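Just so it is clear, the model here is predicted, and its values are computed rather than measured.
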Amino acid sequence: MIFSLLWLASHPWLLPYHHRRQQSEEEELNRRRAYTNKQNNKLTLFSFLPSRRKPPSLPPPTLDDMNLCSFLQDSCPSDLLPKILAFCTPQTVAALSRVNWTWYRLIMDDATWRVLCEELYKWSDGDALPSISWREYYQANPCVPIDYPTLSAALATCETRALEDGTLQQSKSIRILLRPGTHVLREAITIQAKEGVDIAIETCKATNFTPVYASQYDQQDVSTKKCLKKRRLARKLRSSMNCRSVQDSQDVVVADNYSYLEQNVGVEPVSTTKPVNDSVATLVLKTNRPNEPLVRVKQGNLHLSNIYLLHNCLGMDIWNGNACIQIQPPKNSTNNDIPTTHLVRPQVWMDSVDVVSHSGRGIVNIDGGFSSIQNCHVHDCAATGIYVGGPGTQAIITKTDVLKNGNGNVRARGTRGVVGRGHSGVYLEQGKAIIRDCNISRNSLTGISAVSLHNTLLDLESSDLVANGMAQLEMPRGGTSRDLERNNRLAAIGLLRSRSGLVAASVHEEEQPPEQAAV
């Protein structure tokens, strides 16, 4: 230290730079203080004189000069904000909740979620008030493709993996609302719910809804899809408040384009396969997997309402999967011929559902399942319309039309696996079938067939069995019909009366061969 001081004392030319810099900074600071004091004194002396210069008048800010979020936060009426948020995606609403505390309090408000539920037709006046909060009610009733892009993505939100075998199970109840249009599925909808869990799939009750479809997106080449993807990535920040697009969804939505279904599903045009009501959601299975059902229910409760189901797949196994709806518990791990009994019973409730299968059966309920079919239309199936089999199986069919089933399938050229002609409208192998006020007519082989004498219970009342193939009602030898003669009409020819209201046009009288007879 002493050596350094002695060295600096012997070299005085190194000091002036630091001293001169410090001195200049102090002089500059003193000069500014003096100028400020002078200005303050001048304002104090002449403060009583009027000012000669008027302040410039600024124009009022316009909407273009304001930030969109600032406008919605400061100037937009508070009662309109929830209605505006109904047009945003859930991702946008979640992002807005993290902007500041004002947006967070607005979005977390329960009244906001009630408006969102009303605007998206998840709840309407007259419905029962939910026992949970409106935010939880919104989450438990997702809308496709508004909240989730696909039906599978919405169903995956309530799925958990079982600890025993690692299979996916639905652990909480959910109601999935589908916007009107055609949703193409790549695999079957598998329901394996726990006890007390209800899964519901239905069409959204939108009265004045005009859907935005992507009818040509699935038919474009890969290069066009890449260009569209680049355009979507190049959007501005302001477009984040726009309505979401459905072009990214896996379930392609087509607007009233039944030629698309006929070309891509692999069936020839059939006029009766078009739904009567264009405001319903249509589920179409488009897959290369053989014997794949559209809906597979292994355990738990499933509710289907106001939906049009169109099934077509490869394969000929109409006993194991080649059906539009397959209701069957999983087989025993040690013996595949014995169904598993310790699981929850598979149960399906159907209301106003249109069922068509161009490759197999319409509805298959076997091995102890339960099905309630009400106001439905099962028609134009290649094989049996409704098949009930296995001990303990029960089917309740009410006000349903079972028409034109069992005529075989017509496939495109070059495809293998053709189901032959000659199947019944309702086939009861084992179990119990209760049929009330139904129209079972114009099927290929028989109207109703009950083949087992001891394990079959058929209760038929106020139904029409008209113009079926070989017989209207087929019963086993030694069977009794004392419980069947309750206001039923069995005829080889005659007019048909629709029960479900889903038949496209009035059915006219058709002549049948003279060898046909009614039981």
**Asked** Is any side-chain N of the basic residue among D198 and K172 closer than 4.0 Å to the acidic one's carboxylate O?
**Response** no
**Message:** Checking N320 now: which residues fulfil side chain to side chain contact (heavy atoms under 4.5 Å, CB included) with it, not counting sequence neighbours?
**Reply:** D317
**Request:** Would you please test C376 and S500 for side chain to side chain contact (heavy atoms under 4.5 Å, CB included) and show each step?
**Result:** CA-CA 6 Å; C376 295; S500 64; 5.8 Å; no
**Request:** Any chance you could measure Q299, atom CD, to Q192, atom CD, to the nearest 0.5 Å?
**Result:** 4.5 Å
**Request:** Let me see the working for I318 and V419 under side chain to side chain contact (heavy atoms under 4.5 Å, CB included), right down to the final yes or no.
**Result:** CA-CA 9 Å; I318 58 177; V419 177; 4.2 Å; yes
**Message:** Checking the side chain of D147 only, and the main-chain atoms of C143 only, is there a donor and an acceptor separated by less than 3.5 Å?
**Reply:** yes
**Message:** Would you say that N443 contacts V402 through its side chain, given a criterion of any heavy-atom pair below 4.5 Å between the two side chains?
**Reply:** yes
**Request:** Compare all side-chain heavy atoms of I176 with those of Y148 and state whether any distance is below 4.5 angstrom.
**Result:** no
**Prompt:** Which distance, rounded to the nearest 0.5 Å, do you find between the CD1 of I448 and the CG of L465?
**Reply:** 4.5 Å
**Request:** Compare all side-chain heavy atoms of V355 with those of M350 and state whether any distance is below 4.5 angstrom.
**Result:** yes
**Message:** What's the separation between atom CD in Q374 and atom CD1 in I396, rounded to the nearest 0.5 Å?
**Reply:** 10.0 Å
**Request:** Find the distance between CG (L185) and NZ (K286) and round it off to the nearest 0.5 Å.
**Result:** 12.0 Å
**Request:** Mind checking salt bridge (Lys or Arg N to Asp or Glu O under 4.0 Å) for R289 and listing every partner two or more places apart, or none if nothing turns up?
**Result:** E187, E292
**Request:** Determine the minimum heavy-atom distance between P180 and S279, stating which atoms define it.
**Result:** CG-O, 3.4 Å
**Verdict with supporting geometry, L178 and L151, side chain to side chain contact (heavy atoms under 4.5 Å, CB included)** = CA-CA 8 Å; L178 302 177; L151 176 60; 4.1 Å; yes
**Prompt:** Side chains of D109 and R135: closer than 4.5 Å at any heavy-atom pair?
**Reply:** no
**Asked** Hey, does K83 have a side-chain heavy atom less than 4.5 Å from the side chain of V115?
**Response** yes
**Message:** Within the 3.5 Å criterion, strictly below it, is a donor on N306 or E202 matched to an acceptor on the partner's side chain?
**Reply:** no
**Message:** Cation-pi check for Y138 against K122: NZ or CZ below 6.0 Å from the six-membered ring centre and within 45 degrees of the axis, yes or no?
**Reply:** yes
**Prompt:** From L310 CG over to L285 CG, what is the distance, rounded to the nearest 0.5 angstrom?
**Reply:** 9.0 Å
**Message:** Checking R114 now: which residues fulfil side chain to side chain contact (heavy atoms under 4.5 Å, CB included) with it, not counting sequence neighbours?
**Reply:** E118, W123, W134
**Request:** Please determine, by modelled atom types, if S352 and N375 share a side-chain donor-acceptor pair under 3.5 angstrom.
**Result:** no
**Prompt:** Does any non-hydrogen side-chain atom of Q347 lie less than 4.5 Å from one of N301?
**Reply:** yes
**Item:** Side-chain donor or acceptor of D367 paired with backbone N/O of P329 under 3.5 Å
**Value:** no
**Prompt:** With sequence neighbours excluded, what pairs up with D464 under the salt bridge (Lys or Arg N to Asp or Glu O under 4.0 Å) test?
**Reply:** R489, R499
**Request:** For K194, enumerate each residue passing the side chain to side chain contact (heavy atoms under 4.5 Å, CB included) test, keeping only those at least two apart in sequence or located in another chain.
**Result:** T160, Q169, S171, V197
**Request:** Give a yes or no on whether the backbone of D401 and the side-chain of N439 come within a donor-acceptor separation of less than 3.5 Å.
**Result:** no
**Message:** Closer than 3.5 angstrom, by distance alone: can the side chain of S463 be matched with the main-chain N or O of C438 as a donor-acceptor pair?
**Reply:** yes
**Prompt:** Can you check whether H379 reaches L502 side chain to side chain, under 4.5 Å on heavy atoms?
**Reply:** no
**Asked** Do I201 and I307 come within less than 4.5 Å of each other through their side chains, counting heavy atoms only?
**Response** yes
**Request:** Kindly give the heavy-atom pair with the smallest separation between G390 and T393, and that separation in Å.
**Result:** O-OG1, 3.0 Å
**Atom of T112, atom of L106 and distance for their closest heavy-atom approach** = OG1-O, 2.8 Å
**Request:** Show the numbers, then the answer: is there a side chain to side chain contact (heavy atoms under 4.5 Å, CB included) between V451 and Y427?
**Result:** CA-CA 8 Å; V451 297; Y427 192 90; 3.1 Å; yes
**Message:** Please find the pair of heavy atoms, one from N322 and one from L314, that lie closest to each other, and give the distance.
**Reply:** ND2-O, 4.4 Å
**Message:** Determine whether a donor-acceptor pair (N or O, by modelled atom type, separation under 3.5 Å) exists between the side chain of R436 and the backbone of T398.
**Reply:** no
**Message:** I'd like to know if the side chain of H183 reaches the main chain of R179, judged simply by a donor and an acceptor atom lying under 3.5 Å from each other, with no hydrogens or angles considered.
**Reply:** yes
**Request:** Considering only NZ, NE, NH1 and NH2 on the basic side and carboxylate oxygens on the acidic side, decide whether K432 and D459 come within less than 4.0 Å.
**Result:** no
**Asked** Could you walk me through whether D351 and K399 pass the salt bridge (charged side-chain N to carboxylate O under 4.0 Å, His left out) check?
**Response** CA-CA 10 Å; D351 189 4; K399 294 184 178 180; over 6 Å; no
**Asked** Where do C76 and L80 come nearest, in terms of heavy atoms and distance?
**Response** SG-CB, 4.3 Å
**Asked** Is a side-chain N or O of Q394 found less than 3.5 angstrom from the main chain of F370, in a donor-acceptor match?
**Response** no
**Prompt:** Is there a donor in the side chain of Q170 and an acceptor in the side chain of E159, or the other way round, less than 3.5 Å apart?
**Reply:** yes
**Message:** Please check: side-chain N/O of D127 versus main-chain N/O of S124, any donor-acceptor pairing under 3.5 Å?
**Reply:** yes
**Asked** Can you tell me how far CD1 of I440 sits from CD1 of I435, rounded to the nearest 0.5 angstrom?
**Response** 4.5 Å
**Asked** For I366 and Q326, which heavy atoms make the closest approach, and how far apart are they?
**Response** CD1-NE2, 4.0 Å
**Backbone N/O of L403 and side chain of N405: donor-acceptor pair under 3.5 Å** = yes
**Request:** Output all residues satisfying side chain to side chain contact (heavy atoms under 4.5 Å, CB included) with A200, sequence neighbours left out; order by chain, then residue number.
**Result:** R175, H303
**Request:** Say whether, by atom type as modelled, one donor and one acceptor occur between the side chain of T456 and the main chain of E429 under 3.5 angstrom.
**Result:** yes
